[in-house]
There are 2 protein chains.
Amino acid sequence: MFNRKSSVLKSATTHILGYYTTFKKYILYKRKTPLKNDCAIEKTLNVISGKWKPAILSQLLKTNLRLRDIQKGLPEASKRSLTQQLREMIEDGLIEKKDFHQFPKKTEYSITYLGTQLSSVFQELSKFGDKLE
Amino acid sequence: MFNRKSSVLKSATTHILGYYTTFKKYILYKRKTPLKNDCAIEKTLNVISGKWKPAILSQLLKTNLRLRDIQKGLPEASKRSLTQQLREMIEDGLIEKKDFHQFPKKTEYSITYLGTQLSSVFQELSKFGDKLE
DNA sequence: CTGTATCCGGGAAGATACTG
DNA sequence: CAGTATCTTCCCGGATACAG
């Protein structure tokens, strides 16, 4: 989960797992600045602090949703960002995806049991946020 | 607190408060992507999710500290990052700074009452983090 | 010792076009 | 519809030198 691999295209010099390469192709690399995964607090922050993650999770805590519906609720977010953050949250086990094999494509995102346990975290975050200014 | 101003040097084209300029000098600018400050959850996340903030706050929840001591506890963080994150947390009212006017300089950072209320947030974050893998 | 000035690299996320 | 490919912009935080 930490040092999460992402795919990226670099046209010039880039790095693979810490080593540099100049090949122009999609590669997997580890995050440059490793997270302090020995701290439970930072672990949680890392899985929920994507730009749209709290918003998505709040929605999914209420009901299952298709990508289209998530977009409708977050019109400012690009589709790319949303699918990326959804993918990360699937990797982290917070949510699940179900594919209905049909055309046009249909998928549905839902919260996992682990994900539901975030609600007490959100409750505290919200309580504190109300005290700010 | 949101749309916090930062100073930055751009050698080419950059923007001031949303408008673009090509002057090469230090300017103040607002964040390009405004935060959704209507959500209490995101408010909290925004004030605690700097790279070293949770670590600093955890320390200050125990005792007052000088910059030197914070650095000792976080040898991987640069001085610049630490002072910057400390400054932001002062702006957000989480911590306070006391200057002893002497030479060599001496200052001391301490948690505010608002800051102490973060402990229940951290508790939940920590509890959830233990459930991750 | 505390803090700022300056420069820079890299990862996150936006825009847009395309695929199945 | 759902998702990826590609390029671009932005901004956080590291390194280093300097100032009071």
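Protein chains get the first letters and strands the later ones, always in sequence-line order, with residue 1 at the start of each. Every value quoted in this text rests on a predicted model; they were computed, and no experiment measured them. Heavy-atom basis, side chains included; hydrogens, waters and symmetry copies ignored.
- Atom CD in Gln84(A) sits roughly 14 Å away from atom P in dA15(C) (whole-Å rounding).
- Both Arg80(A) and Lys105(A) sit near DNA chain D, but only Lys105(A) has its closest nucleotide nearer the 5' end.
- Atoms CD (Glu76(B)) and C1' (dA15(D)) sit 15 Å apart, rounded to a whole Å.
- In this structure, Ser126(B) contributes its side chain and Gln123(B) its backbone to no donor-acceptor pair below 3.5 Å.
- Applying the 4.0 Å criterion to OP1 and OP2 of dG3(D), one finds that Thr107(A) has a side-chain N or O inside that range.
- Among the nucleotides dA13(C), dT4(D), dG3(D), the one closest to any side-chain atom of Asp99(A) is dG3(D).
- Position along DNA chain C of the nearest nucleotide to Phe103(A) versus Ser49(A) favours Ser49(A) as the more 5'-ward residue.
- For Phe100(A), the CZ atom is densely surrounded, since the number of other residues' heavy atoms within 6.0 Å is greater than 12.
- Among the nucleotides dT4(C), dT2(C), dG13(D), the one closest to any side-chain atom of Thr83(B) is dT4(C).
- One atom, NZ of Lys51(B), and another, P of dA12(C), lie 12 Å apart when rounded to the nearest Å.
- Taking atom CG on Leu86(B) and atom C1' on dC12(D), their separation rounds to 16 Å, with Å as the unit.
- The distance between atom CG of Leu82(A) and atom C1' of dA13(C), rounded to the nearest whole Å, is 11 Å.
- Distances were taken from every side-chain heavy atom of Leu67(A) (C-beta onward) to each of dA15(D), dA13(C), dG3(D); the shortest belongs to dG3(D).
- Closest approach of Thr107(B) and Lys97(B) over heavy atoms only: CB-CG, 4.4 Å.
- Mapping Ala77(A) and Pro104(A) onto DNA chain C by nearest heavy atom places Ala77(A) at the nucleotide closer to the 5' end.
- Nearest nucleotide to the Lys97(B) side chain, out of dT4(D), dG3(C), dA15(D): dG3(C).
- Between Gln85(A) and Lys51(A), the closest heavy-atom pair is NE2-N, 3.3 Å.
- Taking atom NZ on Lys106(A) and atom P on dG3(D), their separation rounds to 13 Å, with Å as the unit.
- When all heavy atoms of Met89(A) and Lys53(A) are compared, the pair lying nearest together is SD-CG, 3.7 Å.
- Put simply, CG on Asp69(A) is 12 Å from P on dG3(D), counting in whole angstrom units.
- Residue contacts shown for Tyr109(A) are limited to sugar-phosphate atoms, with no base heavy atom under 4.0 Å away.
- Taking atom CE of Met89(B) as the reference point, atom P of dG13(D) lies 11 Å away to the nearest angstrom.
- Donor-acceptor pairing under 3.5 Å, judged by distance alone, is present between the side chain of Lys79(A) and the base of dG3(D).
- Residue contacts for Gln85(A): at a heavy-atom cut-off of 4.0 Å it reaches the sugar-phosphate backbone alone, with no base atom in range.
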